[in-house]
Number of protein chains: 2
Amino acid sequence: MGFMDNLKQVLEIEDCSLQHKGLILLSQRYMGGDMSEEKKPGSERPARQRRKMQSITMMDVAEYAKVSPSTVSLYLRRPEAVSAGAGSAIAHAIDKLNYVPNLVAGGLAAASSRAVSIIVPSVRNAFFAETVAAMQTALRKERLQVILGHTEYDEREEEDLVRTALSWAPAAIVLTGLSHSETTRRMLSKVKVPVIEIWELGGPQIDAAIGFHHDQVGAAAARHLIQQGRRHLAYLGARMHEDRRARLRCDGFVAAASEAGVEVNVVQHPAPSSAEAGAMLLSETMQDFPQTDGIACSNDHVALGVLFECERLKIAVPDRLATIGFGDLSFSAACNPPLSTIRPSGDLIGKEAARLIVEHMAGKEPDSQTTIDTRFTLLHRRSS
Amino acid sequence: MGFMDNLKQVLEIEDCSLQHKGLILLSQRYMGGDMSEEKKPGSERPARQRRKMQSITMMDVAEYAKVSPSTVSLYLRRPEAVSAGAGSAIAHAIDKLNYVPNLVAGGLAAASSRAVSIIVPSVRNAFFAETVAAMQTALRKERLQVILGHTEYDEREEEDLVRTALSWAPAAIVLTGLSHSETTRRMLSKVKVPVIEIWELGGPQIDAAIGFHHDQVGAAAARHLIQQGRRHLAYLGARMHEDRRARLRCDGFVAAASEAGVEVNVVQHPAPSSAEAGAMLLSETMQDFPQTDGIACSNDHVALGVLFECERLKIAVPDRLATIGFGDLSFSAACNPPLSTIRPSGDLIGKEAARLIVEHMAGKEPDSQTTIDTRFTLLHRRSS
DNA sequence: GTGAAAGCGCTAACAT
DNA sequence: ATGTTAGCGCTTTCAC
């Protein structure tokens, strides 16, 4: 259970040389606030022998570098605040002793850990994977860790994850979407941890929000298809009962279409987005609404299935049927025909979230209710 | 910076009723080992007013439930070890005070945190996303958190991530693959934290390993194509210079083919796997080796590109050219024709890893060098 | 079964 | 710029 015992080994190797220099490592600790009785010289206390412990601590580094522990701590957090001499002595000690700071202890003392809790529906979803990856990369440079949680589109689960997240006294909490349980909202709103909601804009937010308006995505798709001369539209959606954002895109699509006097048939599938679902939805659509000439999909997985099914049914895309997806996934540009789609910037969302967190930690006032619209891009390729 | 201040508010609301019961919350703490001087009654010390702190602590729960903090701690970790009366009093107190345990403090005291560090090349990769998601779900049930790191296929980066991971005194460290820098290996081998290497088998392992043999995957693909009567094989690989496991699959493919007296042309692309890369690789292959009649791809993204390009080039699949991929990604079964592929079980890997970790924490001896072969399945669909 | 005591390794207010 | 000091909130012996 003890960890970093390797360091102890290193220490043992070095031991003789250290003794030569008259240094005593692993010596008595501050016995701060100790009782006054039996503190007579000679009654050495068995320092740090009690439990499984880290071998090399900041104290050891301090002794080796002949400075105080707090100077080491300061050096670790703000090297520029320490004199060059002390700095290099500490650096040398750290290197020599192979010291690895204990962030858990640091987190406890500082009442805020260098962890950022990111809660997404699932990292299996390429959109969130992208954001999580971008955030991890950006946060890492600031020596912040990512603690990951998956809600699987369940608000109860999210609530639980938030509760646990708070147990870690994170530097920030990142949530997906603006829709959370009452309890989640209450827990969070009364806490000083910065909360960042990602991948959705356009509703009441807890603190900062970074993302885009999903209804605008739907509207853009509708306007695009109509612009292409399509008048019989359908929206194919997977898992829209759970995926609020897919639903918002659908709503935006329908609203923009009816504004233009065009009706929309919404065809749904309860399963998660997949090419298979898309294929099924397309065949269902063409059967129920054979006049359909323009289709928008809740995302590119579904659109890919549409493309495949059209090929099988010998439906010409885009001549007979125009199709547009959402996501610009890895295969979208390579499809037959290349898939028109709307690209959100998942990585930008992650980067901006990381930036906000870092700025907040640097003391910049939380400027609550910050909203960053990362927007989206309609890629007009050959499927429409 | 302080967190969970919401609890303080809850407390304030409840305050009057508590006073009624004569309870004093947020009272003096144990001033354990305090100096003897000026400890006269009347000189109250300003308890817990110094820094930004958590509002409700285990001590508050203990006072409310009229038990000692250690009993609360025990109840939280092993409820069955506490008497029914004390247990329900504590449960009530926790509920009433809205207590959220501080895992950072717990981790420090226990010298091991309830965190598991998972280090993968990237969660953008569907394979690892699957495993990470499965692990997170399984670990969550044991109240373990996932700390995520991305190496981006860089051993130096991995080394750094491992170092940071150790700073968190994690309950376990999960690494991808068996290939690590010398320093990484040294840091890890001398530490008592269980290390689990995933997604690769067949080399020297640090501790436990869960995954499968990638060369066997390649061999299975080769035998399959040869069985289908193909004699002019090609292996299309993306990013094989970085992705060791893709390279192993390729090697296994080539070896099995030459064992059967069939030669293989390996065609590579340096970019990450994508349908676009696959399309390019196919056109290159058919140009350089027009007699090719069987193709294996480093994964299904590449195979999808092959399928698309064959369609564009009017190459009949599987009649003229059989294709098999790797991964069984979400679109693979829905392709035209449905893509033959080899399915690894990314989620099984995650589940087994979680199981090992939980067992280890339950005290089961690490049984080092544990190896779990999660195997793979060849799905013979219509592309071959 | 329960409680008192003693830290875990670090940070940060304060003093110098 | 550096050191002194007093905890952060919890776990874990060890008595009882």
Side-chain angles (χ1 to χ4, degrees), chain A residues 1-4 29-35 45-62 65-78 80-87 90 99-114 167 169, chain B residues 1-4 29-35 45-62 65-78 80-87 90 99-114 167 169:
Chain A
M1 309 263 219
F3 70 111
M4 290 181 248
R29 340 292 317 242
Y30 288 102
M31 289 291 115
D34 213 57
M35 47 252 87
R45 335 186 70 259
R48 60 205 321 279
Q49 308 296 23
R50 282 171 41 80
R51 285 218 288 278
K52 54 282 185 76
M53 283 165 299
Q54 184 170 327
S55 25
I56 305 296
T57 71
M58 187 177 278
M59 268 203 60
D60 298 319
V61 173
K66 298 192 195 297
V67 295
S68 77
S70 58
T71 305
V72 178
S73 173
L74 191 60
Y75 171 79
L76 252 27
R77 279 167 302 109
R78 299 194 287 113
E80 75 282 2
V82 162
S83 71
I90 292 168
Y99 170 66
V100 179
N102 184 329
L103 292 179
V104 179
L108 177 59
S112 166
S113 69
R114 297 196 71 84
S167 294
Chain B
M1 313 263 219
F3 70 110
M4 290 180 249
R29 338 293 315 244
Y30 288 102
M31 288 293 112
D34 214 58
M35 44 253 91
R45 334 187 70 260
R48 61 206 321 279
Q49 308 296 21
R50 281 172 43 79
R51 284 218 287 279
K52 53 285 183 76
M53 285 164 299
Q54 185 169 325
S55 25
I56 304 295
T57 71
M58 187 177 277
M59 270 205 58
D60 298 318
V61 173
K66 296 193 196 299
V67 295
S68 76
S70 52
T71 305
V72 177
S73 174
L74 190 61
Y75 171 79
L76 252 26
R77 277 168 303 108
R78 298 195 287 112
E80 75 282 2
V82 162
S83 72
I90 292 168
Y99 170 66
V100 179
N102 184 328
L103 293 180
V104 179
L108 177 59
S112 166
S113 69
R114 298 196 70 83
S167 294

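Since we're looking at a predicted model, the values are computed, not measured. So that the names make sense, note that chain A is the first sequence line, chain B the second, and so on, each numbered from 1.
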Beyond-backbone contact of B:V72 with B:V67, side-chain heavy atoms, under 4.5 angstrom: yes
B:S73 side chain near D:dT11 phosphate (N/O to OP1/OP2, under 4.0 Å): yes
Verdict with reasoning, A:S68 to A:T71, per side chain to side chain donor-acceptor pair (under 3.5 Å): CA-CA 5 Å; A:S68 77; A:T71 305; 3.1 Å; yes
Short side-chain N/O contact to D:dT4 OP1/OP2 from A:S68, under 4.0 Å: no
B:N102 CG - D:dG9 P separation (whole Å): 7 Å
Minimum-distance nucleotide to A:A109 side chain [options: C:dA12, C:dG9, D:dC10]: C:dG9
Least distance between heavy atoms, A:P69 atom then A:A62 atom: N-CB, 3.5 Å
Rounded distance (Å) that lies between atom P of C:dC10 and atom CG of A:D60: 9 Å
Closest nucleotide among D:dT2, C:dC10, C:dC8 to the A:A105 side chain: C:dC10
Whole-Å gap separating C1' (D:dT4) and CE (A:M59): 13 Å
Side chain to side chain, B:V61 and B:Y75, heavy atoms closer than 4.5 Å: no
Minimum-distance nucleotide (side-chain atoms of B:L108 versus D:dG3, C:dT2, D:dG9): D:dG9
Integer-rounded Å distance: C:dA12 C1' and A:M58 CE: 12 Å
Most 5' of A:G107 and B:A81 on DNA chain C, judged by nearest nucleotide: B:A81
Protein-nucleotide distance (A:L74, atom CG; D:dA1, atom P), rounded to Å: 9 Å
Under-4.0 Å side-chain N/O to phosphate OP1/OP2 contact, A:Y99 with C:dC10: yes
Candidates D:dG9, D:dC8, D:dT2 - which lies nearest the side chain of B:T57: D:dG9
Sugar-phosphate only, base, or nothing, as touched by B:V67 at under 4.0 Å among non-hydrogen atoms: sugar-phosphate
Sugar-phosphate only, base, or nothing, as touched by B:S70 at under 4.0 Å among non-hydrogen atoms: base
Value in whole Å for how far the P atom of D:dA1 lies from CD of A:E80: 10 Å
Atom pair distance, as rounded to whole Å: OH in A:Y75 and P in D:dT2: 12 Å
Test side-chain hydrogen bond (donor to acceptor under 3.5 Å, both in side chains) applied to A:S113 - qualifying residues, sequence neighbours left out: none
Terminal axes of the helix from C:dG1-D:dC16 to C:dT16-D:dA1 (five pairs each): angle between them, nearest 10 degrees: 20°
B:N102 side, atom CG; A:L108 side, atom CG - distance, nearest 0.5 Å: 6.0 Å
Spacing of CD1 belonging to A:I90 relative to OG belonging to A:S83, to within rounding of 0.5 Å: 7.5 Å
Touch class at under 4.0 angstrom, heavy-atom based, for B:L103 against every strand present: nothing
Sugar-phosphate, base or nothing in reach of B:R77, heavy atoms under 4.0 Å: base
Atom-pair distance (CD1 on B:I90; P on C:dG1), nearest Å: 13 Å
